[in-house]
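Treat the numbers as computed from the prediction; the structure is a model and nothing was measured. One-based numbering along the sequence shown.
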Amino acid sequence: MTFYKRLEEFFTTRGERLDLMKQMLYITGAIDGLNNRQCGGNNLRSAIMACLGCPHAGACAAWSSTAKTPSLPPDFCWNAARLRRMIQS
């Protein structure tokens, strides 16, 4: 595999993961915690890094395609505790 192909896959995967995270923020209502600035930048960075490394992208995509808004984050989500804190803020 060429360097450019690997680089393309890297960015594609990251983009897909960030799209899933965005959906999770909206479905759970945690986006309001971000909008109210009650979630610090370090917490958001940690959430992004956890999402990028999570092995449950397929389950996340399946969950987000059927979840009703608002819903609590699924237990398999590596950011479930973080998202619940954002929802409570």
Side-chain angles (χ1 to χ4, degrees):
M1 183 181 306
T2 67
F3 169 77
Y4 294 109
K5 183 66 174 164
R6 286 191 310 248
L7 190 60
E8 181 181 328
E9 285 182 10
F10 174 86
F11 285 116
T12 298
T13 301
R14 281 6 179 224
E16 290 168 355
R17 291 300 181 93
L18 293 174
D19 284 343
L20 287 172
M21 184 172 180
K22 179 179 77 172
Q23 291 173 26
M24 184 75 74
L25 287 168
Y26 279 97
I27 291 169
T28 62
I31 193 72
D32 294 333
L34 293 175
N35 286 338
N36 295 331
R37 298 179 190 253
Q38 297 190 14
C39 170
N42 286 337
N43 195 25
L44 181 58
R45 274 188 292 281
S46 295
I48 290 168
M49 295 308 294
C51 186
L52 291 175
C54 178
H56 303 294
C60 184
W63 177 86
S64 65
S65 70
T66 60
K68 305 289 185 222
T69 302
S71 292
L72 289 175
D75 290 335
F76 63 77
C77 178
W78 284 12
N79 281 313
R82 233 182 239 110
L83 291 167
R84 287 185 180 108
R85 283 193 301 273
M86 288 180 196
I87 293 165
Q88 293 172 352
S89 22

K22 vs Y26 side-chain heavy atoms within contact, under 4.5 Å: yes
Separation between CG of L25 and CG of L44, rounded to the nearest 0.5 Å: 7.5 Å
Joint hydrophobic cluster, F10 plus F3, side-chain heavy atoms closer than 4.5 Å: yes
Main-chain N/O of P73 paired with R84 side-chain donor or acceptor, under 3.5 Å: yes
Distance-minimising heavy-atom pair for T28 and L72: CG2-C, 4.2 Å
Which atom of L83 lies closest to which atom of C77, heavy atoms considered: CD1-SG, 4.1 Å
Test side chain to side chain contact (heavy atoms under 4.5 Å, CB included) applied to M24 and S64, P74, S71, the passing residue: P74
Pairwise side-chain contact, T2 with L7, heavy-atom cut-off 4.5 Å (strictly under): no
CZ-CG distance between F11 and L18, expressed to the nearest 0.5 angstrom: 11.5 Å
I87 to G29 - nearest heavy-atom pair and separation: CG1-C, 4.4 Å
Separation of D32 CG from M86 CE (nearest 0.5 Å): 11.5 Å
Side chain to side chain, E9 and T12, heavy atoms closer than 4.5 Å: no
Distance (rounded to the nearest 0.5 Å) between M49 CE and W78 CH2: 11.0 Å
Side chains of R17 and M21 in contact at under 4.5 Å (non-hydrogen atoms): no
Smallest separation among heavy atoms of L20 and C60, with atom names: CB-SG, 4.1 Å
